[in-house]
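These notes concern the structure reproduced below.
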Amino acid sequence: MSKISIQPVGYALGAKVTGIDLTEPISDDDFNAIYESWLQHIVLVFPGQKIGPNELANFTQRFGELDTYDSQPFNRHPDYKEVMVLSNRRSNGVLPQTHNAGQNWHTDLSYTARPAKGTSVYCLEKPSVGGDTMFANMYSAYETLSPKMQELLDNMEAIHDVSMIEGLGKREPEVVAEFKRLNPPVIHPAVRAHPESGRKALYINERVRQFVGMTEAESKPIIKFLCEHSTSPRYIYRHYWSVGDLVMWDNRCSTHLAVGDYDPSQIRHMIRTSGKGDYYGRLAEPTAIIAEKTSLTESKNIAAGLAALAD
Ligand SMILES: [Fe+2]
């Protein structure tokens with residue numbers, strides 16, 4: 001009989017899963033219960049786990065095929081292309097590109113034509129205080145807009161651009177240039193129907209530059225309003241990390257933010273996988289390349305040359 005317990009940890013979104021050891025086999029019945037609760041609660045927290053990159057990849061691939069991070073090969077784990085390292089630990093004196101990742105509201109890989117379905121992050125080390133992550137429910141964000149605004153957004157598309165990522169100026173210029181080359185601006189619908197729940201979710205965040213058919217000046221006030229509306233405290237779950245937490249979220253109906261509220265001299269070290277989502281996007285400039293078509297060999301050479309990661 002299953003010992004798994006799933007309890008909400010936030011009103012807007014978020015639930016905690018206990019009574020499970022992710023190093024042990026998980027039955028199909030238990031997995032199905034977890035998957036259903038993931039769809040329902042959007043964010044699941046598995047506290048007290050003891051896993052490495054291999055176990056992380058094995059468990060999370062049950063949620064769907066994993067992304068191999070062709071969009072950012074320099075951030076991969078050296079032994080697992082499906083695992084990204086989020087860390088501020090220097091390697092050969094170099095600060096990893098992910099040391100300040102995720103510090104504006106976003107949904108993962110929306111700057112690619114195939115954004116992430118879900119993302120899973122496992123905490124190996126954390127600062128003594130802070131380093132939190134906040135999540136916002138984008139179903140709620142859409143459903144609480146006026147009918148007129150919903151109607152307007154239902155027919156709009158938005159340009160997502162890696163240049164909008166917070167803190168790019170603090171990273172290695174050569175890597176940033178390569179990151180931009182691999183990820184030219186892409187267009188996504190402003191509202192997406194979730195492929196499993198069927199519910200509409202707002203798909204606008206702080207990495208949106210402008211709406212298609214509008215100028216940047218016209219777009220910015222609307223984007224600003226939607227970002228503020230969608231991240232209102234009432235739609236938020238804030239996660240206070242502990243070492244051993246695995247947190248999994250559904251990127252199709254949420255946004256999140258790495259708060260950056262910690263002493264940067266202390267280590268924050270996490271590993272992550274992302275599931276491949278559906279192809280929603282298209283290139284804003286059709287002649288541009290996309291990361292998925294870039295050769296892996298070329299990407300690996302870039303990663304090795306930059307030596308941004310060591311562990
Ligand atoms: Fe993220």
Side-chain angles (χ1 to χ4, degrees), residues 13-14 38 42-45 56 60 63-64 66-77 82-88 96-124 126 130-138 141 160-168 170-171 175-176 179 182-183 186 188 192 201-208 227 230-231 235-241 245-262 268-277 280-281 291 308-309:
L13 69 170
W38 182 68
I42 304 174
V43 178
L44 289 185
V45 181
L56 176 68
T60 57
F63 286 71
L66 296 180
D67 194 281
T68 51
Y69 295 122
D70 296 352
S71 60
Q72 45 200 304
F74 28 82
N75 294 330
R76 285 182 185 137
H77 189 287
E82 302 88 354
V83 177
M84 181 194 287
V85 181
L86 300 166
S87 183
N88 62 348
Q97 302 308 299
T98 54
H99 75 276
N100 63 352
Q103 295 191 0
N104 56 355
W105 284 100
H106 66 283
T107 182
D108 289 325
L109 307 182
S110 81
Y111 49 79
T112 72
R114 193 176 185 183
K117 173 183 176 183
T119 295
S120 306
V121 172
Y122 177 68
C123 178
L124 287 156
K126 68 172 290 289
D132 306 338
T133 304
M134 297 204 292
F135 299 89
N137 183 331
M138 299 302 272
H160 296 239
D161 188 341
V162 287
S163 301
M164 303 293 289
I165 292 178
E166 182 77 15
L168 279 186
K170 296 177 182 171
R171 303 183 190 177
V175 186
V176 172
F179 188 36
L182 290 171
N183 300 284
V186 293
H188 291 288
R192 288 178 26 170
L202 184 65
Y203 202 74
I204 296 294
N205 59 66
E206 290 181 340
R207 294 178 179 174
V208 170
C227 289
S230 63
T231 59
Y235 308 132
I236 296 296
Y237 166 66
R238 180 168 183 149
H239 187 66
Y240 302 91
W241 290 92
D245 284 350
L246 171 67
V247 178
M248 311 182 72
W249 60 88
D250 187 339
N251 282 294
R252 301 165 296 182
C253 51
S254 66
T255 56
H256 58 279
L257 167 83
V259 181
D261 57 338
Y262 65 99
R268 186 178 188 272
H269 190 86
M270 316 236 178
I271 50 176
R272 155 184 148 166
T273 61
S274 297
K276 286 186 173 178
Y280 266 93
L309 299 172

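Heavy atoms only: backbone and side chains are in, while hydrogens, waters and symmetry mates are out. Ligands are counted one by one from 1 in listed order, and the atoms in each one are counted from 1 as well. Along the sequence shown, the residues carry numbers beginning at 1. Keep in mind that this is a model prediction, so the values were computed, not measured.
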- Looking at residues at least two apart in the chain, or sitting in another chain, which of them share a side-chain contact (heavy atoms from CB on, under 4.5 Å) with A201? M138, Y139, C253
- Query: Any idea how Y203 and H188 line up, ring-wise: parallel (<30°), tilted (30 to 60°), or perpendicular (>60°)?
  - Reply: perpendicular
- Message: One pair to check against ring-ring contact (aromatic ring centres under 6.0 Å, His included): H77 and Y69. What are the steps and the verdict?
- Response: CA-CA 10 Å; H77 189 287; Y69 295 122; over 10 Å; no
- Query: Does the distance from a Lys or Arg side-chain N to an Asp or Glu carboxylate O, for K126 and D245, drop under 4.0 Å?
  - Reply: no
- How many protein N, O or S atoms sit closer than 2.8 Å to the Fe ion (ligand 1)? 3
- Message: Testing the 3.5 Å rule here: is there a donor-acceptor pair between the side chains of T119 and D108?
- Response: yes
- Going through the checks in order, is the side chain to side chain contact (heavy atoms under 4.5 Å, CB included) test met by M134 and V259? CA-CA 7 Å; M134 297 204 292; V259 181; 3.7 Å; yes
